[in-house]
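Here is the structure we will look at, set down as structure tokens.
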Amino acid sequence: MKLCIAEKPSVARDIAKVLGANVANQGYFEGNGYWVTWTFGHLCTLKEPHDYSAHLKSWNLIFLPIIPDPFGIKLIPNSGVEKQFKIIEKLVQDCAEVINCGDAGQEGEVIQRWVLQKAKCKKPMKRLWISSLTETAIKEGFANLKPAEDYQNLYLAGNARAIGDWLLGINATRLFTRKFGGNKSVLSIGRVQTPTLAMIVQRQKEIDAFTTEEYWELKTTYREVLFNAAIERLKTKEKAEKGLDYLKQHPFEIISFEIKEGKEKNPRLFDLTALQVEANRKFGFSAENTLKYIQSLYEKKHTTYPRVDTTYLSESLHSQIPGILQSMNFYRELTAPLLAQPIPKSKAVFDDAKVTDHHAIIPTEIPPSSSLGREEKLIYDLVAKRFIAVFYPECKISNTLVEGLVGTVPFKTTGRQILELGWREIYLKEKEDPEKKEKDEDQTIPEFKAGEKGPHQPLIHQGKTSAPKPYTEATLLRAMETAGKQVDDEELREMMKNNGIGRPSTRANIIETLFRRKYIERKKKNIFATSTGIELIDTIQDELLKSPELTGEWESKLRKIERGEYDASQFKDELIVMVTNLTKAVITEKAKVISFQEEVQPKEKKELTPRKTVAIIWEETNCPKCKENKLMKGKTAIGCANYKDCGFKVSLMMFGKKLTEKQIQDLIVKGKSSKLKGFTEHPESLSEGILRLTNDFALELKAD
């Protein structure tokens with residue numbers, strides 16, 4: 001039998017259906033010479049410090065830095081995980097060949113390799129690598145299975161990333177918590193989250209330090225066209241009034257009139273970051289929610305694999321484009337002109353050299369039904385229209401530059417007109433972004449002749465300098481992609497992706513982690529650092545921890561590992577040196593305590609007393625199982641302080657859903673939770689229900 005291992009039950013069902021493995025057993029499907037089983041995302045994780053030695057459970061500074069040699073993996077302590085792993089382990093022992101059908105990306109590779117490593121797999125292994133979950137894609141994937149060795153570097157990069165995050169996260173978090181936390185709370189430090197926080201803090205300091213200044217500008221209207229004086233802004237009203245008097249004494253003269261025809265390039269296809277940016281800008285969706293919606297569309301077979309960092313398509317996909325366009329019935333009015341002629345094979349769209357693991361996000365030939373939720377419809381519409389737009393002609397424009405003179409004061413104005421809509425026709429019915437409209441607003445300019453003169457109406461415009469804008473999720477994602485550098489040009493941004501911080505698939509989670517830790521907060525669409533976040537960054541003296549550029553260099557090395565151009569062990573050694581030096585430096589620093597006060601903003605138009613958030617103190621709660629010890633909160637679970645003997649533990653992540661501490665408290669105190677939704681990885685595919693503690697203190701999810 002051939003054993004296929006997918007990353008979640010729903011994907012396993014799709015694969016089993018295509019393969020003809022139609023007999024459902026406990027934890028796997030069977031049929032036609034195949035077993036098809038699944039994980040629930042991560043079944044295994046890197047061991048925690050106390051798994052190497054009991055004394056490392058203590059956060060005492062004398063035990064730092066903690067550097068395991070070698071690093072080990074373990075099963076995530078969860079009864080459902082343990083049960084499914086035993087099924088996988090047995091199937092691995094009995095099969096003739098393993099086909100890794102995990103998510104086709106770096107994290108998916110690590111998830112499957114760790115499970116197979118834990119199961120002591122010695123069987124021949126192949127890799128299914130597909131970009132969509134349609135029946136056609138799955139059949140083609142199985143017809144072209146790859147040797148597992150082809151993805152060894154991908155695994156090494158993912159494993160090095162996990163080890164790097166563990167080394168820095170475990171050591172730096174314990175180090176700063178013990179040194180500066182004052183036993184009040186954990187100070188979370190991360191390889192990507194800390195430089196991301198540093199960017200937000202830096203922007204906030206620039207805003208806070210900004211001093212608004214007034215300025216005056218000279219303008220004039222000639223033949224109903226507004227011209228701006230091409231001189232520096234004036235710092236005093238007196239100078240402006242003096243300039244106005246001068247302008248009134250002289251006629252306006254046209255010096256030059258120039259019209260240049262040009263083209264406005266088509267937008268690029270979406271990678272994940274660009275999609276998250278656009279969804280935040282247009283709909284206010286968080287990066288995390290956009291990822292959730294596009295992942296759902298992928299699993300429903302409507303779009304291709306979403307966790308991508310390229311905006312190009314493989315050249316081999318060119319022949320499939322007409323079929324996809326033909327299937328997009330809802331957009332028939334827009335696709336008809338494209339289908340009337342051959343699809344151009346432009347290098348701006350099709351370029352094998354620019355495609356990494358996967359191509360850009362595009363629709364599949366399976367259009368969505370009307371049953372999609374509102375948010376998923378909006379995300380699909382973004383992807384669909386962008387896909388259509390890239391095959392339309394470029395937008396033809398004319399740019400006009402007029403230069404004039406009043407006495408000795410130079411003036412100029414510009415105008416822009418669309419001659420042929422081209423790809424802009426796709427977006428004609430959409431509302432213009434107010435900010436973009438204001439920025440690009442152009443006046444219609446009549447034809448002028450050099451040398452012509454005439455009367456004009458000069459005026460003074462008074463303005464104020466404005467502070468840098470706070471980050472939104474859209475601008476923060478772009479800043480992470482370019483390691484903090486402001487880059488507007490799409491081609492330059494494409495070149496800088498290798499040095500961005502984090503991966504497209506993890507950036508949303510990094511931002512959410514900062515919110516969860518109360519290091520940043522959201523006010524409308526803007527993101528601000530809290531007092532705790534600012535103090536934490538100010539406390540960190542080591543620039544390596546805070547620098548987006550240096551973190552971007554680490555990301556670049558991880559990508560080189562993926563390409564076989566850098567040694568994974570060297571990356572680990574570099575981080576060990578860094579963590580060791582950091583530990584020595586921080587331990588000798590003068591201690592201070594970071595404040596953890598939360599600022600609660602009252603609702604508008606009401607005077608309310610700020611409400612205190614009541615923290616759950618687990619150390620004062622009795623263990624429901626042994627009833628002798630108190631509970632304690634760990635990184636991934638809340639459990640008995642004497643877990644080694646008692647064994648009671650509730651994971652913060654259950655069946656793919658992140659539980660709040662209040663939900664866990666209800667579960668422990670009442671024996672059950674309220675009705676919960678959002679479970680994505682339950683073995684029986686339950687998406688909602690009530691969590692209960694069984695008589696033997698295991699956890700089960702039951703439909704109410």
Side-chain angles (χ1 to χ4, degrees), residues 198-256 281 399-416 432-445 454-472 474-476 478-479 484-488 520-531 534 537-538 599 601 604-605:
M199 288 195 299
I200 299 168
V201 170
Q202 177 61 30
R203 175 65 57 86
Q204 191 151 329
K205 287 184 174 181
E206 290 170 2
I207 294 169
D208 292 343
F210 186 83
T211 303
T212 300
E213 294 179 357
E214 289 187 315
Y215 63 85
W216 289 263
E217 293 177 315
L218 296 174
K219 297 175 182 281
T220 193
T221 301
Y222 173 68
R223 286 179 57 187
E224 298 183 355
V225 175
L226 184 66
F227 287 78
N228 301 304
I231 59 174
E232 288 187 4
R233 288 171 170 173
L234 304 172
K235 298 296 177 75
T236 65
K237 187 177 181 181
E238 291 72 27
K239 281 187 178 179
E241 288 175 341
K242 190 176 179 182
L244 183 65
D245 289 339
Y246 175 81
L247 296 178
K248 287 178 178 178
Q249 298 169 23
H250 300 275
F252 190 96
E253 180 182 359
I254 296 294
I255 302 300
S256 68
R281 190 178 66 81
N399 291 309
T400 306
L401 172 64
V402 189
E403 294 179 318
L405 201 63
V406 178
T408 59
V409 181
F411 280 81
K412 70 176 181 180
T413 193
T414 57
R416 180 175 168 278
E432 188 102 33
D433 181 359
E435 287 185 20
K436 195 171 188 297
K437 189 175 181 182
E438 186 179 326
K439 182 181 175 183
D440 293 340
E441 197 161 27
D442 297 303
Q443 50 186 336
T444 303
I445 297 178
H456 61 109
Q457 296 81 45
L459 58 98
I460 295 171
H461 170 258
Q462 183 179 351
K464 291 181 180 179
T465 55
S466 55
K469 289 185 178 180
Y471 280 115
T472 62
T475 56
L476 181 58
R478 282 299 189 207
K485 293 182 174 65
Q486 184 65 40
V487 180
D488 294 321
I520 61 174
E521 58 189 349
R522 191 186 280 110
K523 295 178 183 176
K524 294 184 178 177
K525 285 180 72 172
N526 295 329
I527 294 173
F528 295 91
T530 63
S531 57
I534 293 170
I537 293 301
D538 287 346
E599 298 172 10
Q601 297 295 329
E604 289 182 15
K605 298 182 182 179

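Residue numbers run from 1 in the order of the sequence given. The model shown is predicted, which means the values in this text are computed figures rather than measured ones.
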**OP:** Take Gln204 and Ile534 through the test side-chain contact (heavy atoms from CB on, under 4.5 Å) and record every step on the way to the result.
**Re:** CA-CA 9 Å; Gln204 191 151 329; Ile534 293 170; 3.8 Å; yes

Subject >> Whether Lys469 side chain and Asn526 backbone form a donor-acceptor pair below 3.5 Å >> reply: no

Original post:
Between Phe227 and Phe411, is the ring centre distance below 6.0 Å?
Top reply: no

**OP:** Look at atom CD of Gln249 and say whether more than 12 heavy atoms of other residues, nucleotides or ligands are closer to it than 6.0 Å.
**Re:** yes

Original post:
Which residues pass the side chain to side chain contact (heavy atoms under 4.5 Å, CB included) test with Thr212, sequence neighbours left out?
Top reply: Phe210, Lys464, Thr465

Original post:
Looking at side-chain heavy atoms only, is the closest gap between Lys205 and Asp538 below 4.5 Å?
Top reply: yes

**OP:** May I ask you to check whether over 12 heavy atoms, not counting those of Lys219, lie within 6.0 Å of atom NZ?
**Re:** yes

Original post:
Looking at Ala529 and Val201, what are the two nearest heavy atoms and their distance?
Top reply: CB-CG2, 3.8 Å

Contacts table for residues 399-410: side-chain donor-acceptor under 3.5 angstrom, sequence neighbours left out:
unit_1: Glu403; atom_1: OE1; unit_2: Ser256; atom_2: OG; d: 3.0
unit_1: Thr408; atom_1: OG1; unit_2: Tyr246; atom_2: OH; d: 3.3

Original post:
Does Arg223 have any side chain to side chain contact (heavy atoms under 4.5 Å, CB included) partners at least two apart in sequence or in another chain, and if so, which?
Top reply: Pro446, Phe448, Glu452

**OP:** Working to the nearest 0.5 Å, report the span between CG of Leu476 and CD1 of Ile200.
**Re:** 4.5 Å

Original post:
By salt bridge (Lys or Arg N to Asp or Glu O under 4.0 Å), which residues pair with Glu206, not counting sequence neighbours?
Top reply: Arg203

Subject >> Over 12 foreign heavy atoms within 6.0 Å of NZ, Lys239 >> reply: no

Subject >> Partner set under salt bridge (Lys or Arg N to Asp or Glu O under 4.0 Å) for Glu253, not counting sequence neighbours >> reply: none

Original post:
Excluding sequence neighbours, so at least two apart, what forms side chain to side chain contact (heavy atoms under 4.5 Å, CB included) with Lys237?
Top reply: Trp216, Glu241

Subject >> Spacing of Glu213 atom CD and Thr211 atom OG1 [to the nearest 0.5 Å] >> reply: 7.0 Å

Original post:
In Å, rounded to the nearest 0.5 Å, how long is the span from CD of Gln457 to CZ of Phe252?
Top reply: 11.0 Å

